[in-house]
Amino acid sequence: MGEGSKRRRISSTKDKAGKAETKPKYSSWSWSDLPDQLLGLILGKLSLVDIIHCCAVCSSWRSTAQFHCTQSTSTAWLMLPGDEKDDSTTRCFFNLAENKVYKMKNAFEGFGEDAWCVGSSHGWLVILDDEAIPHLFNPFSRFRIQLPSIPNEFLSPNIDRDYFVRYLRKIFIAKAVLLADPSRSNNFVVVVICGSLSRLAFCKSGDTMWTELAVRSLNTYQQYVEYSDIICHDNQVYVLSSDASVEVWDFRSAFPTKIMSIDKPSTLQKVVGNSFFIHNLSPKFYLVKTSTDLLFIKRFIGDFVNAEGLVVDEDYVLYNSEICPYRTKLFYVYRLNFRQKTWEQVESLNDQVVFLGGNQSISLSSHDLLGCIPDSVYFTDDRWDEMDVDDSYGGHDIGFFNLDDQSIKPYYRSNLARIDPPPFWITPNLSMVKD
């Protein structure tokens with residue numbers, strides 16, 4: 001038989017005159033019948049955006065894409081609020097590689113009118129809904145996992161639940177990270193820095209309550225250690241304390257065990273500038289794990305910055321009646337020498353690009369990142385305690401700092417002076433949750 005006979009069958013019928021009429025009769029076939037293995041090979045050659053488009057073709061393609069496609073660790077997207085007023089469920093996602101914004105309607109449906117993100121790890125967000133109930137949420141696969149409510153015992157004795165939900169919900173958790181990807185492991189752990197004293201708390205998969213991890217401080221002026229940043233790597237949690245010392249915790253046992261302590265740096269480079277400039281800067285500290293190093297990053301934010309980009313003080317703001325939002329002005333980067341347990345200043349990140357903010361800080365290779373400048377720190381606004389201080393700004397402090405020329409430039413331009421909810425980095429993840 002010829003090649004064509006494999007694709008169709010020929011049937012003969014008679015017309016009204018009794019003459020034989022030959023018609024091709026094609027077998028019923030659709031794109032959804034494409035074998036999973038073949039589709040998986042095709043998906044492996046596509047960009048993330050193309051894969052997302054494939055997910056919209058049919059349910060079988062969506063399932064195959066989610067099964068074959070694990071976390072896209074080679075890219076970071078910027079999550080933004082929806083572009084329409086009074087639309088609390090839509091989110092926009094800015095793709096740096098394409099310099100393009102994608103809209104995802106109804107992405108946050110079910111979280112209430114004012115969902116608040118407090119963390120981003122492995123392509124999952126940690127969301128507080130309107131009632132301050134925490135959830136794990138993957139906006140790309142739309143899977144969500146409800147976590148236990150924050151216990152009243154974590155709150156100050158004079159604060160009731162209603163007051164907490166109304167006034168403290170957005171500032172209670174400073175950062176939340178995930179130890180393991182729920183798409184790939186049933187043994188994930190959520191670890192948070194929370195409360196007015198910035199303590200640690202965690203919740204393991206299957207737990208019905210949060211457990212506080214209070215560590216006694218060696219300082220006489222505080223009872224417990226206070227923390228400023230947290231990351232997870234290789235089943236371990238690296239925690240940065242407020243004095244820039246580091247603790248490493250292992251969560252594989254029934255209760256976390258501290259396996260390493262790194263003292264605070266004895267000497268760190270001081271900010272260059274006059275005393276006025278220095279005294280009107282506020283520092284924020286971050287930890288970042290690269291493929292080879294543990295980095296400690298200091299971010300300096302001008303509390304008031306005028307239209308010319310100059311750091312000013314509150315007297316200037318009051319005298320000139322000028323709106324002067326806070327803005328990031330400088331970064332210093334240090335690398336941990338594990339052998340000597342000392343921090344060494346880094347002049348260059350080489351081909352690495354760091355993404356930090358409210359997310360778990362990550363470092364990716366610029367070779368895999370179209371549209372990104374190597375040797376740079378891409379940052380978002382995580383000064384959440386000031387989001388409701390002034391309606392004129394908030395969420396606006398975004399850009400990238402290049403270590404080579406010490407410049408700060410924008411990577412995304414918004415027409416809004418206030419971006420609420422604030423932007424968040426996320427590494428897209430299309431994987432399904434394991435049963």
Side-chain angles (χ1 to χ4, degrees), residues 75-78 80 94-101 268-288 290 293 295-313 316 322-335 343-359 361-383 393-417 419 422-425:
T75 187
W77 284 25
L78 185 70
L80 299 159
F94 176 63
N95 182 3
L96 284 164
E98 299 178 298
N99 194 32
K100 184 176 181 180
V101 175
L268 290 177
Q269 179 182 350
K270 295 183 179 179
V271 177
V272 177
N274 58 47
S275 59
F276 176 86
F277 176 77
I278 295 171
H279 291 155
N280 287 282
L281 293 177
S282 294
K284 282 186 73 75
F285 301 154
Y286 303 88
L287 285 178
V288 185
T290 72
D293 295 306
L295 302 181
F296 167 51
I297 297 181
K298 292 183 72 173
R299 174 181 181 177
F300 295 94
I301 304 171
D303 297 322
F304 302 98
V305 179
N306 67 13
E308 287 73 39
L310 299 175
V311 176
V312 297
D313 59 10
Y316 173 96
E322 182 181 342
I323 297 174
C324 297
Y326 57 87
R327 290 194 184 278
T328 298
K329 302 300 293 182
L330 188 64
F331 283 89
Y332 286 156
V333 181
Y334 306 88
R335 176 191 295 114
W343 295 101
E344 302 168 349
Q345 187 169 3
V346 173
E347 300 293 340
S348 172
L349 294 171
N350 299 317
D351 72 326
Q352 293 294 295
V353 180
V354 170
F355 296 87
L356 54 76
N359 59 295
S361 304
I362 56 174
S363 176
L364 303 175
S365 171
S366 60
H367 298 305
D368 301 323
L369 293 168
L370 295 177
C372 286
I373 307 299
D375 194 22
S376 296
V377 177
Y378 282 69
F379 59 90
T380 60
D381 192 340
D382 58 356
R383 203 155 160 161
Y393 55 83
H396 62 280
D397 189 21
I398 61 177
F400 72 92
F401 174 82
N402 183 254
L403 270 70
D404 182 39
D405 61 13
Q406 300 286 295
S407 65
I408 290 181
K409 298 176 183 177
Y411 56 80
Y412 172 78
R413 296 185 184 275
S414 173
N415 296 325
L416 303 174
I419 306 177
F424 242 90
W425 291 118

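In this pair, F285 and F296 present their aromatic rings perpendicular. The plane angle is above 60°, beyond the 30 to 60° band.
Atom CZ of residue F379 and atom CD1 of residue I408 lie 4.5 Å apart, to the nearest 0.5 angstrom. Atoms NE2 and CG, from H279 and D313 in turn, are 12.0 Å apart once rounded to the nearest 0.5 Å. Here W77 contributes atom CH2 and K100 contributes atom NZ; the two are 9.5 Å apart, rounded to the nearest 0.5 Å.
E98 is linked by a side-chain hydrogen bond (donor to acceptor under 3.5 Å, both in side chains) to N95, Y102, counting only residues two or more places apart in sequence or in another chain. Taking the side-chain hydrogen bond (donor to acceptor under 3.5 Å, both in side chains) definition, one finds that S366 meets it with nothing, sequence neighbours left out. For the side chain to side chain contact (heavy atoms under 4.5 Å, CB included) test, residues two or more places apart in sequence or in another chain that qualify with V312 are F304, N306, Y316, V317, C324. Not counting sequence neighbours, the partners of Y411 by the ring-ring contact (aromatic ring centres under 6.0 Å, His included) test are Y378, W425. Taking Y286 as the reference, R299, D382 meet the side-chain hydrogen bond (donor to acceptor under 3.5 Å, both in side chains) condition, with sequence neighbours excluded. With sequence neighbours left out, L370 forms a side chain to side chain contact (heavy atoms under 4.5 Å, CB included) with A97. Residues meeting the side chain to side chain contact (heavy atoms under 4.5 Å, CB included) test with R383, sequence neighbours left out: S282, I301, D303, Y326, D381, D385, E386. A search for side-chain hydrogen bond (donor to acceptor under 3.5 Å, both in side chains) contacts involving R335 returns D293, not counting sequence neighbours.
Counting heavy atoms from C-beta on, the side chains of F401 and L330 come closer than 4.5 Å.
Within the structure, salt bridge (charged side-chain N to carboxylate O under 4.0 Å, His left out) pairs that include any residue of residues 401-413 do not occur (at least two apart or interchain).
Between the side chains of D351 and S365, at least one donor-acceptor pair of N or O atoms lies under 3.5 Å.
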